[in-house]
Structure formats: structure tokens, C-alpha cells
Peer 1: 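I have a structure here, written as C-alpha cells, and I will follow up with some questions on it.
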Protein chains: 2
Amino acid sequence: MAKDYSLNEVQVSMSPGERFEEYLQSRGMRQTQQRRALLELVFSRHEHFDADTLIEQLPAHGESNHVSRPTVYRTLNEFVDAGLLRRFSLAGRSVYEHDYGYPEHDHLYCEKCQRLIEFQSEELTRLRDQVAAENRFRISGHRLIITGRCESCSRTPRRTKRKQDRI
Amino acid sequence: MAKDYSLNEVQVSMSPGERFEEYLQSRGMRQTQQRRALLELVFSRHEHFDADTLIEQLPAHGESNHVSRPTVYRTLNEFVDAGLLRRFSLAGRSVYEHDYGYPEHDHLYCEKCQRLIEFQSEELTRLRDQVAAENRFRISGHRLIITGRCESCSRTPRRTKRKQDRI
DNA sequence: ATCATTGCAAAAGATTTGCAAGGTC
DNA sequence: GACCTTGCAAATCTTTTGCAATGAT
């Protein structure tokens with residue numbers, strides 16, 4: 001299910017931390033405890049996450065390395081700005097994933113277990129470029145989400161009624 | 001820019017109104033002034049819209065055929081449920097478009113003028129089905145959004161800094 | 001010392017919900 | 001008349017912001 005990260009890794013010269021440091025310096029911004037803690041947490045694993053999930057995984061309010069909610073949001077925006085993370089909207093909220101050093105890919109989204117499964121397709125890139133050319137459109141990116149049920153959830157009876165999905 | 005609706009129209013036996021009526025009856029729900037007004041407005045033109053835009057286009061508070069905000073949201077959910085409208089998330093809010101009787105398509109999204117341009121691609125459907133098959137994934141639908149700049153916005157200098165997009 | 005950053009509280013934007021009054025079948 | 005719907009107000013959820021205190025360079 002999870003893609004083989006190393007096989008398709010894009011060549012990068014800096015670690016996410018180094019790249020972020022450069023980003024901060026170039027803008028007169030500062031290294032802080034909070035930014036370091038979040039960078040570490042975010043790049044400690046390769047998963048999709050939203051702001052709330054990230055906050056849950058942070059040390060609790062009061063413990064060291066805790067980061068307040070507004071700062072989490074602020075820093076996620078910085079990561080996106082710095083090209084470290086990519087963001088997209090799913091079911092009404094923002095979902096984040098690694099961007100820096102990670103190959104372009106798209107997703108299968110299981111409406112039952114809510115899991116995102118990655119896949120890569122060069123054909124899609126070609127198709128995308130062709131459509132854009134036909135429409136004289138200057139591409140900055142794309143996002144394909146195929147919705148449905150993953151293999152294991154297909155074996156299960158119909159899902160129970162849940163809050164309507166807003167893809 | 002706008003697709004030729006009639007050329008690719010899917011064969012349908014009922015009008016949106018008839019279909020919605022059937023949906024209501026089958027669930028013991030009622031025809032109301034508000035549902036009629038919204039159905040009429042929504043199917044009077046083929047455009048993408050969000051709840052707020054729709055509300056702006058409704059008769060003002062006090063005039064006949066006005067519909068309250070909560071009822072607009074409730075009814076949009078019903079339209080989606082009834083298969084009349086399709087919904088997706090763009091820049092943090094829900095966008096709606098005709099579904100019933102309208103062919104499957106995808107979008108180019110101009111980050112500058114925020115316009116959605118439709119396109120159809122059978123190749124994409126094939127690609128999607130193939131990816132799903134490879135992952136033993138049972139498809140219910142998909143959504144491809146190509147972001148960038150439309151032709152006319154490409155001729156313009158860089159866009160001014162705006163609230164970050166959350167595709 | 002200067003100026004960016006944080007946390008708090010509060011605001012803001014989108015959407016939903018409880019409930020009493022009103023409308024539809 | 002039964003019971004679904006509406007509108008209002010208020011709640012909820014996600015994300016942002018003003019501002020005084022704190023921290024980084």
C-alpha cells in the first residue's frame with residue numbers, strides 16, 4: 001500500500017531541516033523551538049495528516065515541546081510556503097503530505113476507512129500536459145483523487161451512514 | 001471555455017425536477033416552496049457555484065422566494081444526495097456543479113481568476129480504471145483538478161499575494 | 001537591544017443543529 | 001391532524017488574527 005519511498009525519491013541536496021533553515025534565513029525569520037519540534041515531528045514519518053492529528057501527536061499542553069494550536073497552523077503554512085509540504089482539501093479540511101524530496105503522485109481515497117493510497121502515473125502527467133496545452137493553460141500542478149473502496153473495505157458490508165463526504 | 005452541454009449530454013428520462021420529486025416521495029419528504037425555488041435557480045444555468053454565491057442570487061430577505069441560509073445548506077445536501085449535484089472541496093469551501101444528466105468531466109482551475117474550465121478525457125477514465133484495478137480498488141468516482149493559469153491570466157503579470165489557496 | 005514569534009483569547013468563515021412556529025399531505 | 005420543514009439563534013469546526021509577553025539574533 002505505502003509506496004516505496006527510496007525507490008522513487010527525487011534527488012535533493014539538502015535535508016528538509018536545511019532547506020527550511022535556508023527559507024527562514026532568506027526571509028529574516030528565526031529558528032525556534034516550536035518550528036524545530038514541528039519539523040521533526042512532520043518529517044519523522046511519511047504519512048498524510050491534518051492539523052488536528054498533528055496537534056494530537058504533540059506533547060500535551062504543559063510538557064516540553066508542546067506547540068500551541070495557532071502556531072501549528074502558522075508553521076504548517078510556512079512549511080507549505082517553503083515547499084516542504086503540499087496541502088490539499090479533503091472532506092472540508094486541509095490535508096498535508098511531504099513534498100520536498102518526494103516524487104509527484106496521486107491518490108486513491110477509501111471512503112470507508114478514509115485511507116489515502118498513493119500511486120504514480122507518468123501517463124497521467126502526459127495527459128495532463130496535453131489537456132493543458134489544448135487549453136493554453138499554464139500548469140502549476142494537479143491533483144487527482146480516485147474515490148471508492150480499498151480492497152479490504154470492499155470485503156466488508158456497506159459502510160454505516162456517516163457525515164456526508166465533501167471531497 | 002464552457003463545454004457544449006448538448007453535444008455530450010447523457011441520456012436521461014426525467015428532468016431534474018422530476019427526479020427530485022421522485023427522490024422526495026421515496027423518502028416521505030415534501031415539496032416545498034423553498035425546494036422548488038432552489039431547484040429552479042440551480043438548474044437555470046450551468047455553472048459552478050458555492051453556497052454563498054447561491055444565497056446572493058436568491059431574492060433578498062423579505063421578498064418572495066427568499067430562502068434562509070440553513071435551508072440552502074440543507075437543500076444542497078439533498079440535491080447531492082439525490083444525485084442532482086456533485087460537490088467538491090476547493091480552497092476550503094464546497095463547490096457544486098450539475099451532476100444529473102451531465103457528462104463526467106474534470107477541471108482546470110485558474111489560480112488567478114479562480115475560474116474552473118471543464119474538459120473531458122476518455123483516456124483519463126481508462127487510466128483511472130487501470131490504476132484502480134492494479135490496487136484492487138472499487139471506484140465510486142474521481143476528481144482531477146489541474147491548477148495553474150488560464151490563457152488570459154497568463155498574459156497578466158504575477159498575481160498579487162492572496163490568501164493561500166487550499167486545493 | 002531589536003524585532004520576530006509565541007500563546008492566549010477572540011474573531012472569522014463555513015456549515016450544521018435544536019427547537020418552536022408554520023406548511024404540506 | 002400528523003408530521004415534515006423552515007427560520008432563527010446558537011453551536012460547531014477549522015483556521016486566522018490582534019496583541020502583549022517572550023525569545024532569538
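Every heavy atom of this structure was used, including side-chain atoms; hydrogens, water molecules and symmetry mates were not. Each chain gets a letter, A, B and so on, in the order its sequence line appears, and its residues count up from 1.
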Peer 1: In whole angstroms, how far is the P atom of C:dT15 from the CZ atom of B:Phe49?
Peer 2: 12 Å
Peer 1: Would you kindly compare B:Pro70 and B:Gln33 by the position of their nearest DNA chain D nucleotide and give the one closer to the 5′ end?
Peer 2: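 Its nearest nucleotide being more 5', the pick is B:Gln33.
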Peer 1: Any side-chain heavy atom of A:Arg27 within less than 4.5 Å of one from A:Asp81?
Peer 2: yes
Peer 1: Look at A:Thr32 and C:dT6 and indicate whether a side-chain polar atom (N or O) is within less than 4.0 Å of OP1 or OP2.
Peer 2: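 Yes, A:Thr32 has a side-chain N/O under 4.0 Å of OP1/OP2 on C:dT6.
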Peer 1: Would one find a side-chain N or O of A:His61 under 4.0 angstrom from OP1 or OP2 of C:dC8?
Peer 2: yes
Peer 1: For B:Tyr73 and D:dA10, give me the distance from atom OH to atom C1', rounded to whole Å.
Peer 2: 16 Å
Peer 1: Counting only side-chain nitrogens and oxygens, does A:Arg30 get under 4.0 Å of the OP1 or OP2 atom of C:dC3?
Peer 2: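 Indeed not, no polar side-chain atom of A:Arg30 lies that close.
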Peer 1: Counting C-beta onward and ignoring hydrogens, is there a side-chain heavy-atom pair between B:Leu38 and B:Phe79 closer than 4.5 Å?
Peer 2: yes
Peer 1: Are any side-chain N or O atoms of A:Thr147 and backbone N or O atoms of B:Ser140, one a donor and one an acceptor, separated by less than 3.5 Å?
Peer 2: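 Not confirmed, A:Thr147 side chain does not pair with B:Ser140 backbone.
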Peer 1: Could you tell me whether B:Arg69 contacts a base, only the sugar-phosphate backbone, or nothing, with contacts defined as non-hydrogen atoms closer than 4.0 Å?
Peer 2: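 Base contact.
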Peer 1: Is the phosphate of C:dT15 approached by B:Asn77 (side-chain N or O, under 4.0 Å from OP1 or OP2)?
Peer 2: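 False: B:Asn77 side-chain N/O out of range (4.0 Å or more) of C:dT15 OP1/OP2.
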Peer 1: Of A:Arg36 and B:Leu24, whose closest DNA chain D nucleotide lies nearer the 5' terminus?
Peer 2: B:Leu24
